[in-house]
Amino acid sequence: MPSDTVVSPARSIAPARVISSDAEARAAARAFAETVRPHAAQIDADRRIPIEIVDAFSATGLWAITIPREYGGAEVSHATLADVIATVSAVEPSLGQIPQNHFCLVEDIRLSGTPEQKAFFFELVLAGARFANAFSEAGGKNVAEIQTRLVHDGDEVVVTGRKFYSTGSAYAHWIPVLAVDEDGLEQLVFTERDSAGLTVVDDWSAFGQRATSSGSVVLEDLRVPADRVFPMHTEYENPTIAGPFAQLTTAAIDLGIARGAIRETHDAVRAARPWIDSGVDSAAKDPLTLERLGRLDIDLAAAEALTEKAGEAIDAAKPAADEANVAAASIAVARAKVLTTELSLEASTRLLELGGTRATLGAKALDRYWRNARVHTLHDPVRWKPVIIGDYALNGTLPARHSWI
């Protein structure tokens with residue numbers, strides 16, 4: 001269990017490769033994921049990703065693949081981004097989740113930053129810097145209510161508050177903080193993790209996604225130069241891809257969990273004994289088992305296709321975002337999110353069912369797939385998405401502009 005102790009200081013930034021194409025990004029993700037596979041069960045057990053693995057992840061250059069080409073990045077398609085996240089998440093979904101908000105923050109910089117801010121922070125990311133988030137809070141009447149406050153003081157701002165669900169905070173070099181200013185407007189404040197007044201606390205106790213470091217960040221009179229503040233409120237005052245972008249990254253994690261669970265199910269069935277009444281010599285020939293595996297295969301193909309299509313819809317909206325194409329992107333991602341949520345839960349349940357009692361043995365740690373799926377799919381209430389999709393399809397009602405649709 002977490003110790004509720006302060007996390008040790010951040011390591012220095014290790015050099016990173018610069019990826020130049022979609023194909024290179026997808027290949028790098030596959031190669032890196034295979035190096036992590038032997039460590040996945042231990043990461044879950046320890047509730048911590050070894051920093052050497054995190055450093056190796058960012059050294060691949062994958063954390064910089066969405067940086068615009070004009071600033072030296074590959075600016076890969078959103079379908080490629082989703083595939084990269086899913087590929088890593090299929091092996092270890094906590095590792096797949098820790099750069100999720102990093103990618104969203106790179107997008108925030110692209111949408112809200114000045115040319116000087118973009119040049120500064122994009123160069124950092126290309127060099128291997130990792131961002132985490134300090135967005136959400138445990139209190140408030142709903143997820144959108146922010147209690148953390150920002151006050152201007154000359155050429156600095158002062159930030160005070162307490163955050164939770166701060167995914168990746170233990171592994172980050174920078175932790176951008178969402179705060180509300182004197183005028184009630186949301187501002188995003190980029191600050192180094194080792195800044196005076198910022199404390200990362202190890203208090204994440206969820207039974208799944210154990211190693212994401214999604215606990216608390218405490219801000220006590222944190223002073224930050226004013227030129228590191230981004231007007232976050234503008235991203236939803238006008239149509240932008242910020243919302244569907246954020247949702248695509250969560251759908252990709254769930255898709256990865258489903259992929260990993262199905263792969264493990266195939267291995268478990270091959271090793272299982274056939275049921276006594278099946279009349280077959282191998283569990284791999286049991287027709288009832290094959291029916292369930294066939295259904296999972298169909299649903300996985302559908303989930304992958306919807307996720308790819310969602311990425312394409314964001315690509316289409318990105319060059320000139322407007323009400324219509326952003327809404328279309330949000331709906332496309334919502335469709336993918338519904339199916340990836342359902343499939344990650346179904347696949348991780350079938351893994352234990354079809355693998356039999358031996359699949360529950362502690363040494364295998366196969367229960368981690370269901371635990372990870374159950375925790376991560378609580379990111380936002382997927383039950384709301386069919387309603388929004390139906391209203392759009394029938395009545396042409398545009399979805400709300402925020403990070404949860």
Side-chain angles (χ1 to χ4, degrees), residues 29 62-63 66 78-108 131-133 135-136 143-144 164-168 178 204 206 208-214 235-236 240-261 300 303-304 306-311 313-314 326 329-348 369-386 388-389 399-405:
L62 289 168
W63 291 54
T66 61
H78 292 87
T80 290
L81 173 63
D83 185 62
V84 164
I85 294 172
T87 297
V88 177
S89 297
V91 173
E92 213 306 296
S94 286
L95 187 62
Q97 187 179 346
I98 61 168
Q100 174 198 352
N101 287 300
H102 169 95
F103 289 123
C104 292
L105 288 157
V106 169
E107 182 63 14
D108 291 329
F131 300 153
N133 76 295
F135 295 162
S136 298
V143 70
F164 198 58
Y165 308 114
S166 302
T167 297
L178 184 63
W204 178 241
Q209 294 299 92
R210 290 174 167 180
T212 57
S213 182
S214 295
E235 292 187 16
Y236 295 105
T240 72
I241 63 169
F245 183 103
Q247 283 289 299
L248 182 68
T249 62
T250 68
I253 294 166
D254 298 334
L255 176 62
I257 295 172
R259 282 180 181 172
L300 178 60
E304 290 177 333
L306 281 180
T307 303
E308 185 92 6
K309 190 171 182 178
I314 300 176
V326 168
S330 292
I331 293 299
V333 177
R335 294 186 187 115
K337 187 67 162 61
V338 170
L339 194 51
T340 55
T341 292
E342 293 175 350
L343 181 59
S344 65
L345 292 167
E346 175 72 7
S348 56
Y369 288 93
W370 183 87
R371 289 187 286 100
N372 289 330
R374 182 63 282 174
V375 168
H376 188 261
T377 55
L378 299 176
H379 178 271
D380 54 74
V382 76
R383 63 185 177 274
W384 275 91
K385 296 190 187 300
I388 294 166
I389 295 167
R401 290 202 299 260
H402 55 56
S403 296
W404 300 279
I405 182 62

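Throughout, numbering of the chain's residues begins at 1 and tracks the sequence.
- Note on R259 versus E304: salt bridge recorded, some NZ/NE/NH1/NH2 to OD/OE distance being below 4.0 Å.
- Using a 4.5 Å heavy-atom cutoff, the side chains of I388 and I331 are in contact.
- In terms of heavy atoms, L343 sits closest to A303 at CD2-CB, 4.0 Å.
- With sequence neighbours excluded, the residues that form a side-chain contact (heavy atoms from CB on, under 4.5 Å) with E107 are R110, L111, I241, F245.
- Checking side-chain atoms of S94 against main-chain N and O of A211 turns up a donor-acceptor pair under 3.5 Å.
- Between Q97 atom CD and L95 atom CG the span is 10.5 Å, to the nearest 0.5 Å.
- Side-chain atoms of N101 do not come within 3.5 Å of backbone N or O of G168 as any donor-acceptor pair.
- Heavy-atom minimum distance, H379 versus W404: CE1-CD1, 4.4 Å.
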Only distances under 3.5 Å count here; give the side-chain donor-acceptor pairs of residues 246-255 to other protein atoms, sequence neighbours excluded, each with its distance to 0.1 Å.
| residue | atom | partner | partner atom | Å |
| --- | --- | --- | --- | --- |
| Q247 | OE1 | K385 | NZ | 2.9 |
| Q247 | NE2 | D380 | OD2 | 2.9 |
| Q247 | NE2 | S403 | O | 3.1 |
| T249 | OG1 | Q100 | NE2 | 3.4 |
| T249 | OG1 | A246 | O | 2.6 |
| T250 | OG1 | Q247 | O | 2.8 |
| D254 | OD1 | H376 | ND1 | 2.6 |

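- P244 and I314 make their closest contact through O-CD1, 3.6 Å (heavy atoms, listed as atom of the first residue, atom of the second, distance).
- Closest of all the heavy-atom pairs between S213 and W204 is N-CD1, 4.4 Å.
- Contact between S344 and A373 at its shortest, heavy atoms only, is O-CB, 3.7 Å.
- Side-chain atoms of T377 and V382, non-hydrogen and from C-beta on, never get closer than 4.5 Å to each other.
- For Q209 (side chain) and T212 (main-chain N/O), no donor-acceptor pair under 3.5 Å exists by modelled atom type.
- Taking every heavy atom of both residues into account, Y165 and S136 meet most closely at CD1-CB, 4.0 Å.
- Ring-plane geometry between H102 and W63 is classed as perpendicular, the angle between the planes exceeding 60 degrees on a 0 to 90 degree scale with a lower cut at 30.
- In this structure, S348 OG and W370 CH2 are separated by 7.5 Å, a value rounded to the nearest 0.5 Å.
- The side-chain heavy atoms of R335 and K309, taken from C-beta on, include no pair separated by under 4.5 Å.
- With rounding to the nearest 0.5 angstrom, the OG atom of S89 is 6.5 Å from the CD1 atom of I257.
- Screening T80, T87, I85, L81 for a side-chain contact (heavy atoms from CB on, under 4.5 Å) with D83, the sole residue that qualifies is T87.
- Interatomic distance, H78 NE2 to F103 CZ, rounded to the nearest 0.5 Å: 11.0 Å.
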